[in-house]
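A short worksheet on the structure shown next.
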Amino acid sequence: MQEALARTIQPFGRPDFAFNIAGIEPRRAAPTTEYDDEEWDRIIDVNLRGVFLCMKHEIERQERGELLR
C-alpha cells in the first residue's frame, strides 16, 4: 500500500481525497455461523484491515482536504 501510494503521489501530489472501498465475500455462501476461523480471518483482513491500512497511510500524507471513508 505504501509503495502504491508513493507512486501515485509522485506525479500527482498529496491526496486531497480518497475512496477506500474493499470487500470480499466468503468462498462459499453459508450462514455466518458456519464460517471457520480461517475464512472469517480472510474476510476481516480484506474488509476491515485493508481499508484501515489505506486510510492510515493516506492520512499520513495528507496536508489538507478530506478523506472520504
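Numbering of residues begins at 1 and proceeds along the displayed sequence.
Taken from CH2 in W40 to CG in D45, the straight-line distance is 11.5 Å, to the nearest 0.5 Å. One distance of note links CD1 of I44 with CG of D37; it measures 11.5 Å at 0.5 Å rounding. Atom CD1 of I9 sits about 11.5 Å away from atom NE2 of H57, to the nearest 0.5 Å. Here the OG1 atom belonging to T8 is positioned 9.5 Å from the CD atom belonging to E58, to the nearest 0.5 angstrom. Distance CD/Q10 to CG/L5: 12.0 Å, rounded to 0.5 Å. Atom-to-atom distance recorded for R7:CZ and F12:CZ is 12.5 Å, nearest 0.5 angstrom.
For the pair E38 and R42, the salt-bridge criterion is not met [side-chain N within less than 4.0 Å of a carboxylate O].
The two atoms that bring Y35 and P26 nearest to each other are OH-CG, 2.8 Å, heavy atoms only.
Results of the side chain to side chain contact (heavy atoms under 4.5 Å, CB included) test with I43 over D41, V46, N47 single out N47 as the only residue that passes.
Side-chain contact between R28 and E34 is present, with heavy atoms from C-beta onward closer than 4.5 Å.
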